[in-house]
2 protein chains.
Amino acid sequence: MVRSPKPKSGLAGPLTATRRSPGSAETSQTGSRRRLSPGDREKSIAAAAVAFFAERGFEGQTRELATILGITQPLLYRYFPSKEALIERVYQDVFVGRWDPFWEETIKDRSVPLETRLITFYISYANVILTPEWVRLFMFAGLKNLDFNARYLNFLRNRVFESVVDELRAHFDRPSIANVPASNIEIEIVWSIHSSIFYLGVREFIYRLPPDGDVKDIIRAKIQTLLGGIATVLPPAEHAT
Amino acid sequence: MVRSPKPKSGLAGPLTATRRSPGSAETSQTGSRRRLSPGDREKSIAAAAVAFFAERGFEGQTRELATILGITQPLLYRYFPSKEALIERVYQDVFVGRWDPFWEETIKDRSVPLETRLITFYISYANVILTPEWVRLFMFAGLKNLDFNARYLNFLRNRVFESVVDELRAHFDRPSIANVPASNIEIEIVWSIHSSIFYLGVREFIYRLPPDGDVKDIIRAKIQTLLGGIATVLPPAEHAT
DNA sequence: CGCGATCTTTATCGTGCGATAAATAGCGTT
DNA sequence: AACGCTATTTATCGCACGATAAAGATCGCG
């Protein structure tokens, strides 16, 4: 796994080391050897840190991260004052930086059938969160007993769950949550679908026992089951689809 | 709180206080002071280790565990050859030791309505797994990239999921899995309910954002939604309930 | 070229942690 | 009550890891 960054071969050594193609720094660290611009270096460290801490957890050692990057460990401290600061940056990049505001609109667009909207949203959301980085980092963060996860999930509840409940209400001709607030059970029903989708990622990236079959199909089936089941548990007033 | 087995009332034991001034009993563990029988000591270490590693993760330090136990750190090594062996014991006690074989019978008992069986099973199962120890240790184990979780879940699939699918089949007058094996989608439907219940524990003990309301009610609602939804997605041949 | 700025490395400190060995002390036995 | 077995503690080793300081190397600019 480790690198052999030393171009010990007398031939190739000097050239590759001295002259690197600018800006073409990439993941396989042979290219970026020395003296990147601060901006590029910081980005490359942050990107590597995301993958690294997702795999190893936040106890992963800065020396190993540096080795993966093909740099020395003290260099990390020129760009981030501490390991904790680097972890903070990882949170930002993954959880804040990957939120798509369009999701909130998708759910509320009543020109589209509800089932379609939910499927569209959840497939798109799944594309973002069902990655090893998102799933594992989120779990590592939770296990650290910070309030980060609770904050994210409150945000999610306000931006997504409440809307989904409201759309379900409209779909079944029931009052808006503006008039009758979402009940615990209604929120839990949304949690059911949400958690069962996130759990696909837990199974694949934490348990290493990936679900059999196409995630899109599974999501579709889950949402159809949900909508059918809600119809049974909460029979509609008059409307039905 | 772990435990406080010995109340240190004013006139506590002349025995326990032999060498130690009662007032100087520091952290928490003051009851058992010294020279337990090997069996008792081992059990007390194992029990404390479950709570400790569940809280701190497997990177939790043996010195802190010893402090909680009111013993010194090297004593741990008289009862467990290494930290890793102690962790192995924790796995055994929590994941193997808490499995209830009766669960498998509950699911298959066709003298009881399916909805009742599922609710009974999942409430009982939830009683065991929806604890900080089970949930957090399971997640810590998964994040360590061992095959432990995959083995447990394969066991669960064979002992529970397949049976649930079979019972759903019977409920809706469809062929037994003995004749037509469970499909991916069917297994996924069971995963949906299962993961949404386990996720109640993740929310409470990892995210520290406990679900609102009684877990039993939530489980009941989830199972009713599941059964109703399956009826919609996979309409029955002739039978209906 | 050569020089200076700064990006990167080499060297190192202090601490924390798993583990071991030797010394100490509780408790049953006689 | 003394004895001896062994449960428990005291003392310590070795290394890993985050972090810092100083030396060295690279590149733009004149």
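Proteins get letters first, then strands, A, B, ... in listed order; numbering begins at 1 in each. Just so it is clear, the values below take in all heavy atoms, side chains as well, and ignore hydrogens, waters and symmetry mates.
Side-chain proximity of A:Q73 to the nucleotides C:dT8, C:dA19, D:dG18 is greatest for D:dG18. Checked against C:dC7, D:dT9, C:dT9, the side chain of A:P38 finds its nearest nucleotide in C:dC7.
Counting non-hydrogen atoms under 4.0 angstrom, B:T72 reaches a base of the nucleic acid.
Note: A:Y152 and A:F148 have parallel aromatic rings, judged against thresholds of 30 and 60 degrees for the angle between ring planes. B:F121 and B:Y125 have parallel rings, their planes meeting at less than 30° on a 0 to 90° scale where 60° marks the start of perpendicular. Taking the six-membered ring for Trp and thresholds of 30 and 60 degrees, A:F53 and A:F58 have ring planes inclined between 30 and 60 degrees apart.
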Can you tabulate the close N/O pairs, meaning under 3.5 Å, that link protein atoms to atoms of nucleotides 3-5 of chain D?
none

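Applying the salt bridge (charged side-chain N to carboxylate O under 4.0 Å, His left out) definition to pairs two or more places apart or across chains, those involving residues 42-51 of chain A are A:E42-A:R89.
When atom types are taken as modelled, the side chain of B:D40 and the backbone of B:L36 share no donor-acceptor pair closer than 3.5 angstrom.
Taking the six-membered ring for Trp and the full ring otherwise, A:H194 and B:Y199 have centroids separated by 6.0 Å or more. With ring centers used as reference points, B:W99 lies under 6.0 Å from B:F155.
B:E162 has no carboxylate O lying under 4.0 Å from a charged side-chain N of B:K108, or vice versa, which leaves the two without a salt bridge. Here A:R203 pairs with B:E188 in a salt bridge; the nearest charged N to carboxylate O distance falls below 4.0 Å.
In this structure, the side-chain hydrogen bond (donor to acceptor under 3.5 Å, both in side chains) partners of B:R159, at least two apart in sequence or on a different chain, are B:E104. For the side chain to side chain contact (heavy atoms under 4.5 Å, CB included) test, residues two or more places apart in sequence or in another chain that qualify with B:S196 are A:S192, A:S195, B:I193, B:K222.
Of the residues in residues 74-86 of chain A, A:P74, A:L75, A:R78, A:Y79 come within less than 4.0 Å of DNA chain C through at least one heavy atom, sorted by number. Contacts between residues 45-56 of chain A and DNA chain D, counted as heavy-atom distances below 4.0 Å, involve no residue at all.
Distance B:R63 CZ to C:dA19 C1': 9 Å, rounded to the nearest Å. In this entry the distance linking CG of B:D40 with C1' of C:dC27 reads 14 Å, nearest Å.
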